[in-house]
Amino acid sequence: IHERNKKHESTTAKVCFEFLDKTGRSFSSVVKELHPELLLPVCVFYLILRGLDTIEDDTSIPLETKEPPLRDFKDYLEQDGWTFTGNRPEEKDRQLLVQFDNVIAEFRNMKPVYQAIIKDITDKVGNGMADFARKAAFGDAGVNTVEEYDLYCWYVAGVVGEGLTRLFVGAGLGEVTLINHFHLYKSMGLLLQKNNIIRDVREDHDDGRRFWPKEIWSKHVDKFEDLFEPENLELALNCSSEMVLNALGHASDCLSYLVGLREQSVFNFCAIPQSMAMATLELCFRNPAVFERNIKITKGDAFQLMVESSQDLEKVYKVFCRYVHRIQQKNNPKDPNFLKISIACEQIERFA
Ligand code: PS7
Ligand code: MN
Ligand code: MN
Ligand code: MN
Ligand code: MN
Ligand code: MN
């Protein structure tokens with residue numbers, strides 16, 4: 001519906017949109033469809049967070065080298081020409097940071113209100129990532145309790161939800177009262193992040209990283225590595241289903257959040273990733289492949305979800321119910337969380 005005005009676009013903005021395509025994964029298409037008022041601000045916001053994440057994810061950078069750029073990232077936003085070349089050559093989004101001066105130029109071109117929101121969020125996300133990189137490097141390898149798990153997800157995704165909500169409201173495209181609904185925008189971020197952490201468990205483990213909280217996996221296996229042993233498959237599936245149960249706790253909040261969005265492009269931007277997350281959670285639910293490789297919903301399913309989620313809340317609710325129903329069908333009576341999973345599913349279905 002909205003067409004980008006490419007003629008009046010600066011070279012640095014063009015470079016930003018190219019990086020959005022190269023690094024955007026599932027987000028690039030929904031960002032590009034946003035209302036013109038938020039198109040470039042959200043694109044730049046995305047690239048800034050992608051830049052931070054490219055430092056956070058690089059396991060070849062030792063803590064002493066990694067912590068300062070994560071904590072100081074917000075200051076670089078005001079340093080014309082700043083770039084970062086400290087990533088290993090194989091890091092897939094390395095080039096974004098090598099040419100980060102383009103992102104900074106567009107950041108400094110934005111309305112000051114948007115700059116202030118993005119700078120504040122960059123500060124919180126960068127420091128949260130640094131805190132957890134420090135926890136992972138020392139002591140007990142990071143995420144132990146469910147509370148710590150939620151805190152990590154809050155820093156890397158919940159805070160992003162806060163920032164996006166402030167941008168929507170600042171642009172006059174979301175209900176002002178959404179800002180007060182901390183719990184709802186937190187859930188918007190946490191459902192996406194938990195889904196990512198469940199799906200990526202094998203890839204993260206191979207990289208020497210663990211985000212599944214010990215409080216959950218220790219109920220099923222003695223050592224985290226045991227989840228990946230074929231002889232422990234049944235225990236591993238029960239563990240992953242408890243992780244899915246934990247994530248499902250955010251689904252109703254996400255539907256409630258969407259009620260506060262009036263502008264269609266903002267609605268689609270928020271709804272499409274949540275529908276994809278519900279589909280991915282269902283795909284991961286009691287699926288042995290999770291412990292072997294990275295699984296993905298099919299292109300066809302993704303396309304259908306985009307169409308269905310670009311309409312109204314009723315349609316998104318139906319999508320949620322479809323996947324919740326499939327989870328119910330795969331739920332196993334021998335699973336220690338069988339009843340809790342069943343109740344969590346019914347609770348989502350009762351949203352309407
Ligand atoms: C600003 C659009 C809509 C209220 C880069 C969007 C990694 C799951 O495993 O690339 O590294 O490949 O699939 C997005 C709330 C955040 C949370 C978070 C910023 C939704 C850096 C996104 C996206 C709030 C930290 C995708 C949470 O990761 O992972 C903008 C409302 C970035 C949102 C990370 C993860 C996003 C994520 P991987 P992905
Ligand atoms: Mn991804
Ligand atoms: Mn990361
Ligand atoms: Mn990442
Ligand atoms: Mn991941
Ligand atoms: Mn990934």
Side-chain angles (χ1 to χ4, degrees), residues 19-20 22-34 38-59 61 66 70 73 87 91-93 96 103 114 117-118 121-122 124-126 128-130 132-133 136 142 152-169 173-175 178-179 181-204 207 209 211 247 250 253-258 260-261 265-277 280-281 294 296 309:
F19 274 118
L20 178 66
K22 285 185 210 151
T23 71
R25 324 258 204 287
S26 43
F27 285 106
S28 87
S29 62
V30 285
V31 172
K32 285 191 286 187
E33 296 296 328
L34 271 172
L38 282 179
L39 175 64
L40 197 52
V42 173
C43 174
V44 168
F45 188 26
Y46 178 85
L47 294 174
I48 289 168
L49 294 168
R50 179 54 66 209
L52 264 177
D53 190 51
T54 303
I55 298 174
E56 191 212 17
D57 288 356
D58 190 333
T59 49
I61 307 177
K66 182 182 282 196
L70 288 176
F73 211 86
N87 283 115
E91 202 58 40
K92 59 181 179 310
D93 300 321
L96 168 66
V103 180
Y114 298 157
I117 295 167
I118 293 172
I121 301 301
T122 302
K124 291 182 190 166
V125 174
M129 285 176 168
F132 276 84
Y152 176 71
C153 293
W154 162 250
Y155 283 136
V156 300
V159 172
V160 180
E162 178 195 322
L164 287 167
T165 305
R166 286 162 66 185
L167 289 175
F168 303 154
V169 172
L173 301 174
E175 290 229 351
L178 266 184
I179 304 259
H181 291 280
F182 165 83
H183 189 72
L184 301 187
Y185 60 70
K186 175 181 170 181
S187 280
M188 288 289 285
L190 266 57
L191 183 69
L192 297 186
Q193 188 63 32
K194 288 180 174 183
N195 171 64
N196 184 284
I197 284 174
I198 293 168
R199 192 202 58 189
D200 291 352
V201 68
R202 177 65 200 240
E203 178 186 282
D204 289 335
D207 258 0
R209 314 170 81 198
F211 299 103
H250 302 290
D253 288 341
C254 293
L255 293 170
S256 300
Y257 180 92
L258 296 177
L261 300 175
S265 77
V266 172
F267 180 89
N268 300 352
F269 171 83
C270 291
I272 292 170
Q274 302 297 341
S275 291
M276 302 274 183
T280 305
L281 270 188
N294 229 309
K296 267 188 170 173
S309 310

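Atoms within a ligand are numbered from 1 in the order they appear, just like the ligands themselves. Computed from heavy atoms alone, side chains included, the values below leave out hydrogens, waters and symmetry copies.
- Residue contacts with ligand 1: Gln274 is placed with no nitrogen or oxygen under 3.5 Å of a nitrogen or oxygen of the ligand (distance criterion only).
- Counting heavy atoms only, Asp200 comes closest to atom 9 (O) of ligand 1 of the residues Asp200, Leu47, Thr54, Val156.
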Quiz item: Going through the distances and angles, do Thr165 and Tyr257 end up as a side chain to side chain donor-acceptor pair (under 3.5 Å)?
Solution: CA-CA 10 Å; Thr165 305; Tyr257 180 92; 2.8 Å; yes
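- Every atom of ligand 1 with a heavy atom of Leu192 under 4.0 Å away is listed here by number and element: 6 (C), 8 (C), 17 (C), 20 (C), 33 (C).
- With a 4.0 Å cut-off on non-hydrogen atoms, Arg25 touches ligand 1 through its side chain and not its backbone.
- At least one donor-acceptor pair under 3.5 Å links the side chain of Arg25 to the backbone N or O of Thr23.
- Distances from ligand 1 to the non-hydrogen atoms of Phe27 include at least one value under 4.0 Å.
- Residues Arg202 and Asn294 have side chains that never bring a donor and an acceptor to within less than 3.5 angstrom of each other.
- Rounding to the nearest 0.5 Å places CD of Gln274 at 4.0 Å from CG of Leu192.
- Side-chain contact between Asp253 and Tyr185 is absent, with no heavy-atom pair separated by less than 4.5 Å.
- Remark: Tyr152 engages Phe132, Phe211 in a ring pair (Phe, Tyr, Trp, His ring centres under 6.0 Å) (not counting sequence neighbours).
- Counting heavy atoms under 4.0 Å from ligand 1, residue Asn196 touches it through the side chain alone.
- Residue Leu96 holds its CG atom at 5.5 Å from CZ of Phe19, rounded to the nearest 0.5 Å.
- Those atoms of ligand 1 that come under 4.0 Å of a heavy atom in Leu49, given as number and element, are 1 (C), 5 (C), 16 (C), 19 (C), 21 (C), 32 (C).
- Take Phe73 and apply the ring pair (Phe, Tyr, Trp, His ring centres under 6.0 Å) test, not counting sequence neighbours, and it matches Tyr76, Trp82, Phe100.
- By the 4.0 Å N-to-carboxylate-O rule, Lys186 lies too far from Glu162 to be salt-bridged with it.
- Residues Lys194 and Ala247 share a closest heavy-atom pair of CB-CB, 4.0 Å.
- Atom CZ of Arg50 is separated from atom NZ of Lys22 by 14.5 Å, given to the nearest 0.5 angstrom.
- Atom CG of residue Leu281 and atom CG of residue Leu191 lie 6.0 Å apart, to the nearest 0.5 angstrom.
- Near Asp53, meaning under 4.0 Å from one of its heavy atoms, ligand 1 places the atoms 7 (C), 11 (O).
- Nearest heavy atoms, Asn268 versus Val30: O-CG1, 4.2 Å.
- Applying the side chain to side chain contact (heavy atoms under 4.5 Å, CB included) criterion to Leu258, with sequence neighbours excluded, gives Met188, Leu261, Phe267, Cys270, Ala271, Leu313, Val316.
- The part of Asp57 lying near ligand 1 is the side chain, judged by heavy-atom distances below 4.0 Å.
- Around the Mn ion (ligand 3), the protein contributes the following N, O or S atoms under 2.8 Å, ordered by chain and number: Asp53 OD1, Glu56 OE1, Asp57 OD1.
- Shown in contact with Cys270 at under 4.0 Å from a heavy atom are these atoms of ligand 1, numbered in order with element: 3 (C).
- For Asn195, the heavy-atom gap to ligand 1 stays at 4.0 angstrom or more.
- Atoms of ligand 1 lying under 4.0 Å from any heavy atom of Phe45, numbered from 1 in the order shown and given with element: 1 (C).
- Remark: ligand 1 and Gln193 share no N or O pair separated by less than 3.5 Å (distance only, no angle test).
- Phe269 counts as a contact of ligand 1, since one of its heavy atoms falls under 4.0 Å from the ligand.
- Of the listed options Tyr257, Tyr46, Tyr155, Tyr46 places a heavy atom closest to atom 30 (C) of ligand 1.
- Of all atoms in ligand 1, numbered sequentially from 1 with element shown, those under 4.0 Å from a heavy atom of Ala157 are 17 (C), 24 (C), 27 (C).
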